[in-house]
Amino acid sequence: MTELVSLSGIRKNYAGVQALKGVDFDLKAGEVHALIGENGAGKSTLMRVLGGETAPTSGTVRLYGRTVQFSGPRDATRRGISLIHQELALAPDLTVAENIFLGRLPRIINHRRLRKAASEILGRLGFAIDPAIQAGRLTVAHQQVVEIAKALSNNARIIVFDEPTAVLANSDAERLLAIIRELRAGGTGVVYISHRLNEVFELSDRITIMKDGAHVETRQTSAADVDEVIASMVGRRMSTLFPPRDGRAPGRVVVEVRNISRGQKVRDVSFSVRAGEVVGLGGLVGSGRTEVARLVFGADRMDAGTVELNGKPLHLSSPRKAVRARIGLVPEDRKEHGVILDSPIRINTTLAKMRSVARFGFLDVDKERRVAASLGAEMHLKAESVDAAVSSLSGGNQQKVALAKWFHADCDLLILDEPTRGVDVGAKGEIYTLINDLARAGKAVLVISSEHQELFGLCDRILVMAEGAVAGELTESEFTEQHLLTLAMTGSTRERDNASQ
């Protein structure tokens with residue numbers, strides 16, 4: 001295969017800190033080269049060098065066999081390189097068509113021709129997105145598609161995908177992976193950055209592992225093993241990421257949910273969670289899991305049903321009332337609903353129970369700092385100080401702040417919706433330990449996750465949802481992909497029993 005790019009000995013220093021330590025990386029035409037590592041390993045910095053967004057302190061960049069020095073991102077784009085970041089960079093007030101051709105629009109725009117050209121590119125990707133609609137009105141999945149269309153419109157020969165499926169539903173993620181396979185078949189070189197190792201192994205031809213700004217190893221995916229890859233990334237195997245469940249003894253019923261409904265999204269759902277128990281909520285994306293969490297937390301109004309906490313009926317018309325009742329929710333989208341990115345860690349940590357750090361009705365900042373620092377140490381939070389903005393943290397550490405808020409609130413029931421989405425493997429292990437510690441402390445925990453191994457490793461039992469209803473319950477002896485998916489896809493306990501015979 002033809003070599004498209006070769007990075008040799010790339011070093012990057014920031015104020016005396018070595019972000020990259022002599023990294024080598026190459027990409028061939030018609031291959032998917034996965035780049036993996038924990039948050040802070042240097043993956044994104046290396047790709048910013050490739051995309052002309054930052055200049056290396058030293059090292060060589062060779063593109064199509066020639067040594068190059070980019071004058072900036074536009075120079076890299078002109079040379080056929082496109083970076084699709086996890087944080088999408090669309091202009092929300094411009095149309096889809098204008099975003100696709102942004103930077104190359106003529107002074108006098110023929111909107112009809114522009115929309116036609118945009119439709120052709122979107123059609124190649126298999127999406128029927130209106131090119132005249134404002135980009136800000138699209139779902140995140142469709143915004144991702146527009147970013148890919150923009151890259152194709154630039155005739156990119158090299159495309160970097162940074163966590164492209166982190167916020168996508170399973171169906172959209174599968175379609176995106178199919179698009180990447182088509183790009184590879186057409187000779188495009190793809191760099192794929194993801195914490196989802198199942199996608200990495202399914203999609204990539206080679207895997208490069210980075211750790212602490214350095215290149216660890218590159219190997220053919222066909223010759224790689226998941227446990228070995230994880231061990232290279234974090235120094236331990238997958239099986240050791242989940243803490244032992246000894247010391248957890250489910251006791252009294254903390255929450256009893258009876259026959260709750262909301263339209264067709266949640267239909268007659270009942271379940272309970274005991275003190276010291278971790279209960280999973282599994283199923284396909286769109287099965288109603290998040291909708292159930294929002295009803296129990298009072299974020300949405302239920303049409304029917306009841307919720308009891310510690311034997312007392314609740315009338316939750318708002319999340320504020322749920323918090324007062326000692327129910328917490330770490331939402332699926334932490335950046336939108338879980339943390340306040342521009343506020344300091346200390347404020348985010350104490351937000352759900354501010355009266356505990358107030359004195360005579362006024363905020364005691366020193367006490368707030370002490371509380372946040374104590375929780376940060378307990379959670380192994382990596383931050384310069386508790387006064388640092390949450391936006392300055394890695395994804396895993398942002399998630400720890402979202403968890404710390406509810407640890408401080410001392411909830412009786414904590415609902416965790418996709419608690420490790422977009423989090424690296426090492427941070428996942430730490431979050432799993434925190435969840436286990438909650439259960440050991442006698443808290444009731446409800447975990448929603450699309451990662452089946454996560455549910456199997458954390459939970460005492462799993463409720464599986466399908467089309468807004470609970471299709472069945474799995475006990476530990478039934479924790480298999482076959483059982484879970486049969487319930488999730490057929491909604492039938494009978495089918496599951498037949499499948500196991």
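FYI, side chains are in, hydrogens and waters are out, and symmetry mates aren't considered; it's all heavy atoms of this structure.
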(message) How long is the straight-line distance from CG of Leu446 back to CG of Leu281, given to the nearest 0.5 Å?
(response) 5.5 Å
(message) I need the His195 NE2 to Asn198 CG distance, nearest 0.5 Å.
(response) 13.0 Å
(message) Please determine whether side chain to side chain contact (heavy atoms under 4.5 Å, CB included) holds for the pair Leu434 and Leu438, giving the CA-CA distance in whole Å, both sets of side-chain angles, and the decisive distance to 0.1 Å.
(response) CA-CA 6 Å; Leu434 292 172; Leu438 279 172; over 6 Å; no
(request) Indicate the atoms forming the closest heavy-atom contact of Leu50 with Phe70, along with that distance. (result) O-CE1, 3.2 Å
(request) Taking the side chain as every heavy atom from C-beta outward, state whether Ile158 and Thr188 have any pair of such atoms under 4.5 Å apart. (result) no
(message) Assess the residue pair Val216 and Met210 against the criterion (side chain to side chain contact (heavy atoms under 4.5 Å, CB included)); give the C-alpha distance rounded to whole Å, side-chain angles, the decisive distance to 0.1 Å, and a yes or no.
(response) CA-CA 5 Å; Val216 177; Met210 291 184 66; 5.7 Å; no
(request) Could you pull out the closest heavy-atom pair between Leu20 and Gly42, with the gap in Å? (result) CD2-O, 3.4 Å
(request) Find the distance between CD1 (Ile345) and CG (Asn397) and round it off to the nearest 0.5 Å. (result) 8.0 Å
(message) I'd like to know if Asp225 pairs up with Arg219 as an ion pair, taking the criterion as any Lys NZ or Arg NE/NH1/NH2 lying under 4.0 Å from an Asp or Glu carboxylate oxygen.
(response) no
(request) In sequence, state the C-alpha distance, the side-chain angles, and the governing distance for Ile435 and Leu416, and then conclude on side chain to side chain contact (heavy atoms under 4.5 Å, CB included). (result) CA-CA 9 Å; Ile435 293 171; Leu416 307 173; 3.6 Å; yes
(request) Evaluate the side-chain proximity of Val292 to Phe297: yes if any heavy-atom separation is below 4.5 Å, no if none is. (result) no
(request) First locate atom CG of Asn99, then atom CD of Gln134, and finally report the distance between them rounded to the nearest 0.5 Å. (result) 10.0 Å
(request) State, with a plain yes or no, whether a side-chain heavy atom of Ile193 is found less than 4.5 Å away from one of Phe161. (result) no
(message) Looking at Glu202 and Arg181, is there a salt bridge between them, counting it only when a charged N and a carboxylate O are closer than 4.0 Å?
(response) yes
(message) Does any part of the side chain of Leu35, heavy atoms only, come nearer than 4.5 Å to the side chain of Phe25, both counted from C-beta?
(response) yes
(message) Within the structure provided, determine whether Ile415 and Trp406 are in side-chain contact (heavy-atom separation under 4.5 Å).
(response) no
(message) Taking Ser450's backbone N and O only, do any of them form a donor-acceptor pair with Glu418's side chain (distance below 3.5 Å, no angle check)?
(response) yes
(request) Output the distance between atom CG (Leu152) and atom OG (Ser82), rounded to the nearest 0.5 Å. (result) 8.5 Å
(message) Any salt bridge linking Asp75 with Arg79? Criterion: basic side-chain nitrogen under 4.0 Å from a carboxylate oxygen.
(response) yes
For residues 371-385, run the donor-acceptor check on the side chains, cut-off 3.5 Å, and write out each pair with its distance to 0.1 Å, sequence neighbours left out.
from, atom 1, to, atom 2, distance (Å)
Ser385, OG, Asp387, N, 3.1

(request) Over all heavy atoms of both residues, which pair between Pro419 and Ile448 is shortest? Give the atoms and the distance, please. (result) CD-O, 3.4 Å
(message) Quick check: do Glu174 and Thr165 have side-chain heavy atoms less than 4.5 Å from each other?
(response) no
(message) Ring centres under 6.0 Å, that's the criterion: do His142 and Phe127 meet it?
(response) yes
(message) With a 6.0 Å cut-off (strictly less than), is the heavy-atom count around NZ of Lys21, excluding the residue itself, greater than 12?
(response) yes
(message) Hydrogens and angles aside, do Asp205 and Thr221 bring a side-chain donor and acceptor to less than 3.5 Å of each other?
(response) no
(request) Determine whether the side chains of Ser356 and His408 contain a donor N or O and an acceptor N or O closer than 3.5 Å. (result) yes
(request) May I ask you to check whether Gln399 and Thr420 show a side-chain donor-acceptor distance below 3.5 Å? (result) no
(request) State, to 0.1 Å, how close Gln144 and Pro164 come at their nearest heavy-atom pair, and which atoms those are. (result) NE2-O, 2.7 Å
(message) Using a 3.5 Å distance criterion without hydrogens, assess whether the side chain of Ser204 forms a donor-acceptor pair with backbone atoms of Val200.
(response) yes
(request) Kindly write out the residues that satisfy side-chain hydrogen bond (donor to acceptor under 3.5 Å, both in side chains) with Arg62, not counting sequence neighbours, or none if the list is empty. (result) Thr67
(message) Using 0.5 Å steps for rounding, measure from the CG atom of Asp417 to the OG1 atom of Thr290.
(response) 3.5 Å
(request) Write down the atom of Val96, the atom of Val146, and the distance for their closest heavy-atom approach. (result) CG1-CG2, 3.8 Å
(message) Treating Glu199 as the side-chain partner and Arg196 as the backbone partner, does any N or O pair qualify as donor plus acceptor under 3.5 Å?
(response) no
(message) Under a 3.5 Å cutoff, is there a donor and acceptor pairing between the side chains of Arg245 and Asn436?
(response) no
(request) Please test Glu31 against Arg206 for salt bridge (Lys or Arg N to Asp or Glu O under 4.0 Å), starting from the C-alpha separation and ending with a verdict. (result) CA-CA 8 Å; Glu31 80 161 342; Arg206 287 190 293 162; 2.7 Å; yes
(message) With a 4.5 Å cut-off on side-chain heavy atoms, are Val229 and Ile36 touching?
(response) yes
(message) Hydrogens and angles aside, do Thr208 and His33 bring a side-chain donor and acceptor to less than 3.5 Å of each other?
(response) yes
(message) Donor-acceptor check, side chain of Arg289 to backbone of Val447, threshold 3.5 angstrom: yes or no?
(response) no
(message) When you measure from the side chain of Asp300 to the backbone of Leu295, do you find a donor-acceptor pair of N or O atoms at a distance under 3.5 Å?
(response) no
(message) The test is side chain to side chain contact (heavy atoms under 4.5 Å, CB included); show your working for Leu316 and Ile327 and say whether it passes.
(response) CA-CA 10 Å; Leu316 301 178; Ile327 298 175; 4.1 Å; yes
(request) Could you tell me whether Arg157 sits above the aromatic face of Tyr64, with NZ or CZ closer than 6.0 angstrom to the six-membered ring centre and within 45 degrees of the axis? (result) yes
(message) What I want to find out is whether Lys43 reaches Asp162 closely enough, with some N-O distance under 4.0 Å, to be called a salt bridge.
(response) no
(message) Under a 3.5 Å threshold, yes or no: a donor from one side chain and an acceptor from the other, between Ser232 and Glu217?
(response) yes
(request) Check whether any side-chain N or O of Lys211 sits under 3.5 Å from a backbone N or O of Met233 as a donor-acceptor pair, and report yes or no. (result) yes
(message) Assess the residue pair Arg294 and Glu291 against the criterion (salt bridge (Lys or Arg N to Asp or Glu O under 4.0 Å)); give the C-alpha distance rounded to whole Å, side-chain angles, the decisive distance to 0.1 Å, and a yes or no.
(response) CA-CA 5 Å; Arg294 289 178 60 85; Glu291 288 78 6; over 6 Å; no
(request) Classify the side-chain pair Thr45/Arg48 by whether it contains a donor and acceptor separated by less than 3.5 Å. (result) yes
(message) When you compare the side chain of Asn154 with that of Ile81, does any pair of heavy atoms fall below 4.5 Å?
(response) no
(message) Could you walk me through whether Arg346 and Glu368 satisfy the salt bridge (Lys or Arg N to Asp or Glu O under 4.0 Å) test, starting with their C-alpha distance in whole Å, then the side-chain angles of each, then the deciding distance to 0.1 Å, before giving a yes or no?
(response) CA-CA 6 Å; Arg346 59 180 173 81; Glu368 185 180 55; 2.5 Å; yes
(request) Looking only at non-hydrogen atoms, find the nearest pair between Ala224 and Ile207 and report the distance. (result) CB-CD1, 4.3 Å
(message) Show me the pairs that pass salt bridge (Lys or Arg N to Asp or Glu O under 4.0 Å) and involve residues 394-406, at least two apart or across chains.
(response) Lys400-Glu430
